[in-house]
Amino acid sequence: MKKLLIGAALGALLLPASMAAAQDHDHGCIDEACTVFELFQTPAEGATVLGYQGTEAPKYGTWGFDLNGRDTSVSPGDSFMRHANGAALDRMQIPSDRTSYGSFALLRELSDNRVKAMIEGLTARTDLTAGSDEQKIADAYRSYMDEARIEALDAQPLNPYLAAIRAANTHDLAAVYMGETQGRIGGSIFGTGITTDQKAPTRYVVSTGQSGLGLPNRDYYLEQRWAEKKVLYQAYVARMLEMVGWENPTASAEAIVAFETRIAEAHWTPIQNRNRDETYNEYSIAQLASEAPGFPWQAYYSAVGVGEVPRLIVRQDTAMPKIAAIYAETPMEVIQAWQAFHTVDDAAPRLSRRFADAQWEFRSRDLNGQPMQRPRDKRGITFAEGMLGEAVGRQYVAEYFPAESKAKMEALVANLRTALGNRIRTYSWMSAETRAAAEEKLNKFTVKIGYPNKWRDYSALEVRPDDLFGNAERAGLFQWNYQLNRLNDPVDKTEWGMTPQTVNAYYNSTNNEIVFPAAILQPPFFDPDADPAVNYGGIGGVIGHEIGHGFDDQGSKSDGDGVLRSWWTPGDRANFDGLTTRLGEQYDQFEPIPGFKVQGGLTMGENIGDAAGNAVGLEAYHLSLNGQPAPVLDGVTGDQRFFYGWAQVWQSKMRDDALRNQIATDPHSPAEFRVIGPVRNIDAWYEAFDVQPGSKYYLAPEDRVRIW
């Protein structure tokens, strides 16, 4: 359940689950698990290995693309994913401790291997300075690996929380408890956080929205196709309550699921939650209390630590009165049991094996089809990295990020910006007024590559080698206090929303910035030695994707200074909406698994980003040729290499349950349609691969959607 809600919208290429859970962004993740059991054929040597176990970046073919990974028996127009990646996918098996695998996962595994080597090196040293970041990283890892102490403690760390929940025996006291545990362990029916103000992006503001659910989203409670998962969830709730000795666990679990089902009925849909115009609603605490009676708002905000703020932003304003009324009508024994369950569920990974295993069995196995849990040492690395991410990142950059990668990335970004600027100036559907504002926004983009210029200060964070549960508590409070303490300060635009060792990239609308962490700047995305066409299709497509978020259906609502406002003429916005509607209708037809179609409305922003990445990336590649013809390599033309580069980065497989979950909750389309969805709208793809009418994904020229 999401406890901390951040309203500044990020458009991510692929957002990690850990970040999504902490910040409630509009964009989610595909998978974040690691593996040591994956059978993956490294293209450079053609050797089958057990996972990607080294710390050196992989190589693909002789010029950046694995020609042996294709399945040329499949027509590009019938399945460009299979045509470009079919043989590689046939060799690939999803390991037991993963729900998916592919290009992203391989690089995540590489990053994890590097971080693991770094942390294990630190734990082996005896000369670390007490209180240093290095010592804290080592101690965080040691605390997770101290299984003997964790097993001996079992459920004891929860006792103060469960006692406090039992003592909070009125609705007012329970709401205060929700506020007091902000940043620690437990749950709240509302999520509150400190965010950049979208209409005044130089200042921070308190933001509040719907929360309270233990399943991935409202659909899991309300749609018949998720009925089996809901039954499994109720059994899981009962199991966790029984494990901590809560009274009447079976009946309590039934009441909890009924309570959450009522809350789910009040929740906005995932598509509604994407609309930045609708999710920006200014309130005072008194006004919210008046319009959403039944919940003690002032007492709650005082307990959270923001009780004196004159204004706040409410995201799902029409849901708040309904959820507050449900809360007031629900018996206290149900509220207490609900709070007890979410406390156990939240804490389970830091408790004894029986708790950690129970949570994994439901949340990873039953919900996403993952047969085996990740090894403990890898979970320990993730824990330490989660506590001190930028401290780990500083060492990662020193060891693994060459200066030449940053320089070449800057050149790529410059070409992508030039290409989009050229395209903006030629769009017939856009008036001169809107075109000028769009160019101004593009010129104001900030680009961050590799790592932050200013690192986080962890000196106030206490880490003990023998206190896993306490370390997690203190880390949560450290982060929450960090947010609170800057509430009256100007926005720090030097901050990063991802660590350097994260395999991802993002666009931040309030800062109007695109950000590319060091770990993604490796093959198959970026290889300084690869053919430029492949790099433009890979990392160039990523750059174009993130720039495209500034001009997608939601990012385009903020101007060049990050201010949420209408800078379009009404006619231009209508033209743009017409194009996005047509694009959404295309994606609505994709059905990666029977009964589960892609939601064009939910995935719209990412689909526009992918379309921009391909169209703008291809034009930038042509600009890079400086008027010279592209060479033909191994019989493959420049444009073909570009599109192969894009397809190669989405080379992946996913378990059926995880795929269903993604379709229901994730604003990113499944990988297969991130490959074919954008390219079938680009004329050059048809020309490059001679795609003709009759092919499965052929679109007539008049049906192709050209947005950016």
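These values consider heavy atoms only, across backbone and side chains, with no hydrogens, waters or symmetry-generated copies.
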(request) Output the distance between atom CG (D553) and atom CG (L579), rounded to the nearest 0.5 Å. (result) 12.0 Å
(message) Working note: Q316 + Q272, criterion side-chain contact (heavy atoms from CB on, under 4.5 Å); need CA distance, chi angles, decisive distance, verdict.
(response) CA-CA 9 Å; Q316 300 88 3; Q272 288 176 303; over 6 Å; no
(message) Determine whether a donor-acceptor pair (N or O, by modelled atom type, separation under 3.5 Å) exists between the side chain of R315 and the backbone of Q210.
(response) no
(message) Could you walk me through whether S431 and D572 satisfy the side chain to side chain donor-acceptor pair (under 3.5 Å) test, starting with their C-alpha distance in whole Å, then the side-chain angles of each, then the deciding distance to 0.1 Å, before giving a yes or no?
(response) CA-CA 7 Å; S431 69; D572 289 335; 2.5 Å; yes
(request) Taking the six-membered ring for Trp and the full ring for Phe, Tyr or His, determine whether the centres of F516 and F526 are under 6.0 Å apart. (result) no
(message) Within the structure provided, determine whether L487 and Q483 are in side-chain contact (heavy-atom separation under 4.5 Å).
(response) no
(request) Spell out, as yes or no, whether a donor-acceptor pair under 3.5 Å connects the side chain of K441 to the backbone of G550. (result) yes
(request) List in chain and number order the residues that pass salt bridge (Lys or Arg N to Asp or Glu O under 4.0 Å) with D197, two or more places apart in sequence or in another chain; answer none if no residue qualifies. (result) R203, R311
(message) Assess whether a salt bridge exists between K597 and D588, defined as any Lys/Arg side-chain N lying under 4.0 Å from an Asp/Glu carboxylate O.
(response) no
(request) Output yes when a side-chain donor or acceptor of R704 lies under 3.5 Å from a complementary backbone atom of L699, and no otherwise. (result) yes
(message) Going by the rule ring pair (Phe, Tyr, Trp, His ring centres under 6.0 Å), which residues pair with F65 if we only count those two or more places apart in sequence or in a different chain?
(response) Y644
(message) Would the distance check show the side chain of D559 and the main-chain N or O of R565 forming a donor-acceptor pair, the cut-off being under 3.5 Å?
(response) no
(request) To the nearest 0.5 Å, tell me how far L420 CG sits from I547 CD1. (result) 6.5 Å
(message) Going by the rule ring pair (Phe, Tyr, Trp, His ring centres under 6.0 Å), which residues pair with Y587 if we only count those two or more places apart in sequence or in a different chain?
(response) F590
(message) What's the separation between atom CZ in F80 and atom CG in N85, rounded to the nearest 0.5 Å?
(response) 8.5 Å
(message) Taking the side chain as everything from C-beta on, heavy atoms only, tell me whether M409 gets closer than 4.5 Å to I543.
(response) yes
(request) Indicate the ring-plane relationship of Y697 and F673, choosing parallel, tilted or perpendicular according to the 30° and 60° boundaries. (result) perpendicular
(message) In terms of relative ring orientation, are F551 and F445 parallel, tilted or perpendicular, with 30° and 60° separating the classes?
(response) parallel
(request) Decide yes or no for Y204 and T196: does some side-chain heavy atom of the first lie under 4.5 Å from some side-chain heavy atom of the second? (result) yes
(message) Taking atom NZ as the centre, does K696 end up with more than 12 heavy-atom neighbours from other residues, nucleotides or ligands that are less than 6.0 angstrom away?
(response) no
(message) I'd like to know if the side chain of D317 and the backbone of N281 have a donor-acceptor N/O pair within less than 3.5 Å.
(response) no
(message) To the closest 0.5 Å, what do you measure between OH (Y60) and OG (S103)?
(response) 4.5 Å
(message) Contact between Q501 and E385 at the side-chain level, heavy atoms closer than 4.5 Å - yes or no?
(response) yes
(message) Surrounding CG of N453 (heavy atoms of other residues, nucleotides or ligands, distance under 6.0 Å), is the total greater than 12?
(response) no
(message) By the side-chain hydrogen bond (donor to acceptor under 3.5 Å, both in side chains) test, which pairs, at least two apart or in different chains, include something from residues 398-409?
(response) Q395-E399
(message) Rounded at 0.5 Å granularity, tell me how far OG in S556 sits from NE2 in H549.
(response) 12.0 Å
(message) Checking Y698 now: which residues fulfil ring pair (Phe, Tyr, Trp, His ring centres under 6.0 Å) with it, not counting sequence neighbours?
(response) Y686
(message) Donor-acceptor check, side chain of E546 to backbone of I514, threshold 3.5 angstrom: yes or no?
(response) no
(request) Could you name each residue pair satisfying salt bridge (Lys or Arg N to Asp or Glu O under 4.0 Å) that touches residues 515-537, not counting sequence neighbours? (result) K59-D527, K59-D529, D531-R641
(request) Just do the side-chain contact (heavy atoms from CB on, under 4.5 Å) check on E606 and H545 with the steps written out, would you? (result) CA-CA 8 Å; E606 301 302 326; H545 173 102; 2.9 Å; yes
(message) Between Q662 (side chain only) and S669 (backbone N and O only), is there a donor and an acceptor less than 3.5 Å apart?
(response) yes
(request) List the atom of Q198, the atom of Y280, and the distance in Å for their closest heavy-atom pair. (result) N-CE1, 3.9 Å
(message) Taking atom OH as the centre, does Y451 end up with more than 12 heavy-atom neighbours from other residues, nucleotides or ligands that are less than 6.0 angstrom away?
(response) no
(message) Using a 6.0 Å cut-off, check whether atom CG of N488 has over 12 heavy atoms from anything other than its own residue.
(response) no
(request) Could you tell me whether the side chain of K557 reaches within less than 4.5 Å of the side chain of N275, counting heavy atoms only? (result) yes
(message) Show me the pairs that pass salt bridge (Lys or Arg N to Asp or Glu O under 4.0 Å) and involve residues 410-429, at least two apart or across chains.
(response) R423-E619, R425-E439
(message) Are I313 and T195 packed together at the side-chain level, in the sense that at least one heavy-atom pair is separated by less than 4.5 angstrom?
(response) no
(request) Check whether any side-chain heavy atom of Y621 sits under 4.5 Å from a side-chain heavy atom of N535, and report yes or no. (result) no
(request) Could I get the full list of side-chain contact (heavy atoms from CB on, under 4.5 Å) partners for L623, not counting sequence neighbours? (result) T418, A419, N422
(request) Go through the side-chain N and O atoms of Q651 and D66 and say whether any donor and acceptor fall under 3.5 Å apart. (result) no
(message) Are P678 and N607 packed together at the side-chain level, in the sense that at least one heavy-atom pair is separated by less than 4.5 angstrom?
(response) no
(request) State which residues pass side-chain contact (heavy atoms from CB on, under 4.5 Å) with N415; sequence neighbours excluded, sorted by chain then number. (result) Y536, A620, S624
(request) Sequence neighbours left out, what passes side-chain contact (heavy atoms from CB on, under 4.5 Å) with D577? Give chain and number order. (result) R573, T580
(request) Mind checking ring pair (Phe, Tyr, Trp, His ring centres under 6.0 Å) for W568 and listing every partner two or more places apart, or none if nothing turns up? (result) F576
(message) Is it the case that the side chain of Q554 and the backbone of R276 share a donor-acceptor pair, with hydrogens and angles ignored and the cut-off at 3.5 Å?
(response) yes
(request) Could you tell me whether D683 and R706 have a side-chain N and a carboxylate O separated by less than 4.0 Å? (result) yes
(request) Check the pair N511, V491 against side-chain contact (heavy atoms from CB on, under 4.5 Å), reporting the backbone distance first and the verdict last. (result) CA-CA 9 Å; N511 283 2; V491 167; 4.3 Å; yes
(message) Checking side-chain polar atoms at under 3.5 Å, does K493 have a donor or acceptor matched by the opposite partner on N512?
(response) no
(message) Any side-chain to backbone donor/acceptor pair from T434 onto T569? Under 3.5 Å, distance only.
(response) yes
(request) Over all heavy atoms of both residues, which pair between W268 and E278 is shortest? Give the atoms and the distance, please. (result) CH2-O, 3.5 Å
(request) Would you confirm whether the ring centroid of W708 sits within less than 6.0 angstrom of the ring centroid of Y427? (result) yes
(message) Between N681 (side chain only) and G677 (backbone N and O only), is there a donor and an acceptor less than 3.5 Å apart?
(response) yes
(request) For D561 and K444, run side-chain contact (heavy atoms from CB on, under 4.5 Å): C-alpha distance rounded to whole Å, both residues' side-chain angles, the deciding distance at 0.1 Å, then the answer. (result) CA-CA 7 Å; D561 296 316; K444 288 184 174 181; 3.1 Å; yes
(request) Would you please name every residue forming a salt bridge (Lys or Arg N to Asp or Glu O under 4.0 Å) with D639, sequence neighbours left out? (result) none
(message) Quick check for you: to the nearest 0.5 Å, what is the distance between R394 atom CZ and T499 atom OG1?
(response) 13.5 Å
